[in-house]
Amino acid sequence: MEQMLLKCLVFLVVITPIEVLSLVLLAKALEESPEEQQLVALIPYGDQRLKPRRTKLYVFLTVAICLLTTCLMMYFLFPRSIAVVPSGLNASTISFDNSTSSIILNMTNILNVTNNNFYPVYVAQLGIEVLHKTVVIGKKTVMTQLDIRPLQSAQILYSVSSTIMDTNTYKICTWIKIKVHNVLLHIQGTLTCSYLSHSEQLSFEKYQYVDCRDGVLLS
């Protein structure tokens, strides 16, 4: 019995007060009931831990970055106009049918297309109508399959064969005494483009004079 008391005294002398406190807290934690372990600790509202530094700065930077990203996306992805401008006649050939007093006209025209967007535009189809005195004398549909890069331009050459069945026009074009043999044509067209999974039809028109002298080739 005296030996056991001696060992206890030696143990109490060797350990430090901090170690004693740790042992006491550990014993209390082991003795806690499951209900006490589920309790929630409340922190005062004025505690500095609830007011971290630079919170306003972080919020401001997040909002600024979101707004800047949105503005840039709207600027670069906002659809801009695609300019379609007929450039005029590139070449033409004329032939006459004396039996029917008709004029057969083959034209090759130039169409300028400008992509003002920051993304490529695909030109799929070109539809052309040629009119003379409100009468349709020629039609053609061309599958272009042309890709136009961002902020770039491209030219489309298209040929149309037309037949003018008008006696007065035939006389003007075949009368030798007349020095100027011009025929006024009205060209209408639609250009089908697609970009960003969106398809659009662009219309254009042009009034154009064509020299109808026999055997004349304009280039």
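Computed from a predicted structure; not experimentally measured.
Applying the ring pair (Phe, Tyr, Trp, His ring centres under 6.0 Å) test to every pair with at least one member in residues 140-174, sequence neighbours left out, gives these pairs: F96-Y170.
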After noting the C-alpha distance and the side-chain angles of T192 and S199, does the key distance pass the side-chain contact (heavy atoms from CB on, under 4.5 Å) rule? CA-CA 7 Å; T192 304; S199 182; 3.9 Å; yes
Trace of the side-chain contact (heavy atoms from CB on, under 4.5 Å) decision for K133 with T169: CA-CA 10 Å; K133 296 181 179 180; T169 305; 4.0 Å; yes
Does Y195 form a ring-ring contact (aromatic ring centres under 6.0 Å, His included) with Y122? I'd like the steps, not just the answer. CA-CA 6 Å; Y195 52 88; Y122 176 71; over 10 Å; no
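Other residues, nucleotides and ligands contribute more than 12 heavy atoms inside 6.0 Å of the CE atom of M143. In the displayed structure, K139 atom NZ is contacted under 6.0 Å by at most 12 heavy atoms of other residues, nucleotides or ligands. R80 CZ: more than 12 foreign heavy atoms inside a 6.0 Å radius.
When S99, S95, S101 are each tested for a side chain to side chain donor-acceptor pair (under 3.5 Å) with D97, only one passes: S99.
Between N90 and N109, the closest side-chain pair of non-hydrogen atoms is not below 4.5 Å. At a threshold of 4.5 Å between non-hydrogen side-chain atoms, the residues E200 and L202 count as touching. Under the 4.5 Å side-chain criterion, counting only non-hydrogen atoms from C-beta, I148 is not in contact with P120. L185 is listed as a side-chain neighbour of M107, based on a closest heavy-atom distance under 4.5 Å. In this structure, the side chains of T163 and I103 stay at 4.5 Å or more apart for every pair of heavy atoms. Using a 4.5 Å cut-off on side-chain heavy atoms (C-beta onward), L191 and I156 make contact. Annotation: side chain of L126 is in contact with side chain of L111 (closest heavy-atom distance under 4.5 Å). Looking at heavy atoms from C-beta onward, I164 lies in side-chain contact with V183 at the 4.5 angstrom threshold.
For Q155 and N112, the side-chain atoms include at least one donor-acceptor pair closer than 3.5 Å. Donor-acceptor pairing under 3.5 Å is recorded for the side chains of S159 and T108. A side-chain donor from one of N115 and N117 sits under 3.5 Å from a side-chain acceptor of the other.
Residues Y207 and L131 do not share a hydrophobic cluster, defined by chaining ILVMFWY side chains whose heavy atoms lie under 4.5 Å apart. Under the 4.5 Å side-chain heavy-atom criterion for Ile, Leu, Val, Met, Phe, Trp and Tyr, I82 and I128 are members of the same hydrophobic cluster. The hydrophobic cluster containing V142 also contains I187, counting ILVMFWY residues as joined when their side-chain heavy atoms lie under 4.5 angstrom apart, directly or transitively. The same ILVMFWY cluster, assembled from side-chain heavy atoms under 4.5 Å apart, contains both F204 and V123. Residue Y119 is grouped with residue V113 when hydrophobic side chains (ILVMFWY) are merged at heavy-atom distances under 4.5 angstrom, including chains of intermediate members.
Atom CD1 of I172 is separated from atom OG1 of T167 by 11.0 Å, given to the nearest 0.5 angstrom. In this structure, S102 OG and I137 CD1 are separated by 11.0 Å, a value rounded to the nearest 0.5 Å. For the atom pair CD1 (I110) and CG (L157), the distance works out to 5.5 Å, reported to the nearest 0.5 Å. Rounding to the nearest 0.5 Å places CD of Q152 at 9.5 Å from OG1 of T114. Of the inter-residue distances, the one linking L105 atom CG with D211 atom CG reads 10.5 Å to the nearest 0.5 angstrom. The distance from atom OG1 of T141 to atom CD of Q125, rounded to the nearest 0.5 Å, is 5.5 Å.
G88 and K206 make their closest contact through CA-CE, 3.9 Å (heavy atoms, listed as atom of the first residue, atom of the second, distance).
For the pair H186 (side chain) and E205 (backbone), a donor-acceptor distance under 3.5 Å is absent.
By the ring pair (Phe, Tyr, Trp, His ring centres under 6.0 Å) test, F118 is found to be paired with Y75, F76, residues two or more places apart in sequence or in another chain being considered.
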